[in-house]
Each structure stands twice: as C-alpha cells, then as structure tokens.
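One structure is given here, and the rest of the page talks about it.
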Amino acid sequence: MESRWQVPITDRDIGGLAAEIDNNGYAVIKNYISTGELSELQEFVRKAAAGARGQYIGFEKNSEALTGTLLAELPKWPPFVEMCHSLADRSLGYDGPPFDIYQMVRVVTGDTGQRVSGVFHYDSYVLTALLPITIPNDGSGKLLLMKPTRRIRSSYLTNLLDKAVVGSKFMQKQLHKLAKRQSQRIDRLSLQPGNLYFFWGYRSIHTNEMVDQSSLRATALFHYGDPHTGNKLRDRIRAFRGLKHY
Ligand SMILES: [Fe+2]
C-alpha cells in the first residue's frame, strides 16, 4: 500500500490491530510514511540534534520547530486521530471521550540522552503510537516492551500505586535483570524507521534501551485516551508539580 498516509479505517482493520496488540504486545503498520517523507524527517532531526550540541531534545505538539513537517500535520489529521480513538476504545473497553493527542518528538543522544532512557514505566494514556525516525545502526536503542501487565484502572490512586511500584528501585533492578538476560517476558524490538508501532502504553511496562553516546535516536510519540479524565486528585498533583501531563 502506498503511503499518505495508510490508515486502517474499517472496524475489521481496527479489530485486527487491537487483537495483535492484545496477543503480541504490539502491532505495526509497515512503511506508514513514504521514504521521501522519512528522509525529510531524518534531516530535520539531524539538524535539531546538531543545534542542540548533541543533548536531549523534546518537541511537544504545536512546537514551532515542527511547523511544515508531517509531525505537525499528522496528529491533527482526522483519519489518524480517528484511528487512534478507535484503537484506544478497544483497550478501554468503552467509547472514551474525544482526546487531544499528546505528542512528543524525542531526539536522544549524548550524555543527557543516556539519562532519560532506560526507566521502565507505564504511560498515563491508553494508546501509544510510535513512529521511529532515526534508530542507531549499532542495534542499540531498542524498545523494551512487556505484554499488557495490568488492566485499565478505575481508580486513579491504584494507577498511581502501579506506577510507584514499577518506578521503585527494586522493580527497576528486576526488570533490567530480565532484559539483560533476554527473558522472553520482555520483547526487544528493533524499530524500523518509517513504520508505525502501536502498544497499550497505559497497560504495558516499557522503556527505551540506552543509545551509545555518539548515536542518535529520534522518535515521534502520539498518545491517545485518558482513563482518568477530570480526576480531582490528579488535577491537584499536576497543579502542584506544574505539569500538564502525568
Ligand atoms: Fe512511555
């Protein structure tokens, strides 16, 4: 299928992708963007990394730097948004309200990049769609991903406890041990730039493998679906910590 941009629009397509994520932990649409578009994005992140002298950079949605790139267009493109919404609903188990896609473009390299990689976690949002742009040739920078390990929590507090447990030193150590001995419980995905990957970020423990200091890893992340919309405790925590997303 030629790109611009391939979208599974039928319920059957969405059902197939959701079943794949349930069973395998992830699903992928190969060559989601064209090779020409991919080259443009690779040039964009290469320049961004050079401008940042090799340190970590993150671009949020509506960031001026993304203007004119497909990264600005994609999260606002109705068929893409609908696809994310339909998929997120399959994981939620009900029709969730429309959600403003939370986007982050991460360009990781150098010392700072090493510090922001490697922490296993659950995302705050139901669906994670991941578009790899540049992945190191040396095989580093894999996505480490477990099959879904929890349900959607009806209580925000339980969600926080899950996150605290995974974030604890003990659990991080155990998870890194599993990853190191290449346990089958953790998939180590070699991401192909230009493919679009989906997983249940809220339900599956995951992280990025560290990249070598001299390597560049750039990915665009699109998050959809908030199981805790309007939760007062979370709003207070966000306000206290000055965060928009947690
Ligand atoms: Fe994540």
Side-chain angles (χ1 to χ4, degrees), residues 17-18 21-22 24-28 45 56-61 63 71 74-75 84 87-88 91-92 99-109 112-136 140-153 156 158-168 171-172 174-176 178-179 185-193 195-211 217-228 234 237-238 241 243-246:
L17 284 172
I21 307 174
D22 283 338
N24 304 331
Y26 69 97
V28 56
V45 294
Y56 168 77
I57 324 164
F59 297 112
E60 287 196 36
K61 192 172 167 188
S63 157
L71 298 175
L74 193 58
C84 291
L87 273 173
S91 188
L92 271 176
F99 178 80
D100 188 18
I101 285 184
Y102 174 49
Q103 176 187 17
M104 178 58 80
V105 178
R106 303 176 83 228
V107 183
V108 173
T109 185
T112 317
Q114 291 213 339
R115 282 201 291 275
V116 296
S117 303
V119 178
F120 285 96
H121 63 279
Y122 289 117
D123 288 341
S124 298
Y125 303 111
V126 179
L127 173 75
T128 305
L130 167 60
L131 179 72
I133 299 167
T134 299
I135 297 295
S140 66
K142 289 187 173 70
L143 172 67
L144 307 182
L145 174 70
M146 296 183 87
K147 290 192 175 67
T149 39
R150 67 166 178 167
R151 295 193 303 269
I152 301 283
R153 300 301 194 187
Y156 179 65
T158 314
N159 167 55
L160 273 191
L161 285 174
D162 290 339
K163 283 182 169 241
V165 169
V166 171
S168 68
M171 275 299 282
Q172 291 290 320
Q174 299 307 311
L175 289 164
H176 279 288
L178 281 180
R185 292 179 62 196
I186 300 184
D187 264 321
R188 302 170 77 244
L189 295 184
S190 299
L191 301 171
Q192 296 301 314
N195 287 354
L196 184 63
Y197 296 82
F198 300 101
F199 57 96
W200 306 139
Y202 181 98
R203 297 174 50 205
S204 293
I205 293 172
H206 61 278
T207 190
N208 299 316
E209 208 176 48
M210 305 239 184
V211 297
R217 184 187 195 273
T219 52
L221 290 156
F222 307 92
H223 298 283
Y224 197 100
D226 180 3
H228 305 291
R234 184 178 65 180
I237 291 173
R238 281 182 175 175
R241 300 179 70 175
L243 296 170
K244 280 185 284 179
H245 299 275
Y246 183 69

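Numbering starts at 1 and runs along the sequence shown. In listed order, ligands and their atoms are each counted from 1. What you see is a predicted model; the values in this text were computed from it and never measured.
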Item to check | Number of protein N, O or S atoms [distance to the Fe ion (ligand 1) under 2.8 Å] | outcome: 3

Checklist entry - So do Tyr197 and Gln192 actually touch side chain to side chain, heavy atoms under 4.5 Å? => result yes

Next on the checklist: Applying side chain to side chain donor-acceptor pair (under 3.5 Å), can you list everything that pairs with Tyr26, at least two apart in sequence or on another chain?
Outcome noted: none

Checklist entry - Can the ring centres of Phe120 and His176 be said to be less than 6.0 Å apart? => result yes

Item to check | Results of side chain to side chain donor-acceptor pair (under 3.5 Å) for Asp22 - residues two or more places apart only | outcome: Trp200

Checklist entry - Among pairs that include at least one residue of residues 118-129, which meet salt bridge (Lys or Arg N to Asp or Glu O under 4.0 Å), considering only residues two or more places apart or in two chains? => result none

Item to check | Side chains of Met146 and Leu175 in contact at under 4.5 Å (non-hydrogen atoms) | outcome: yes

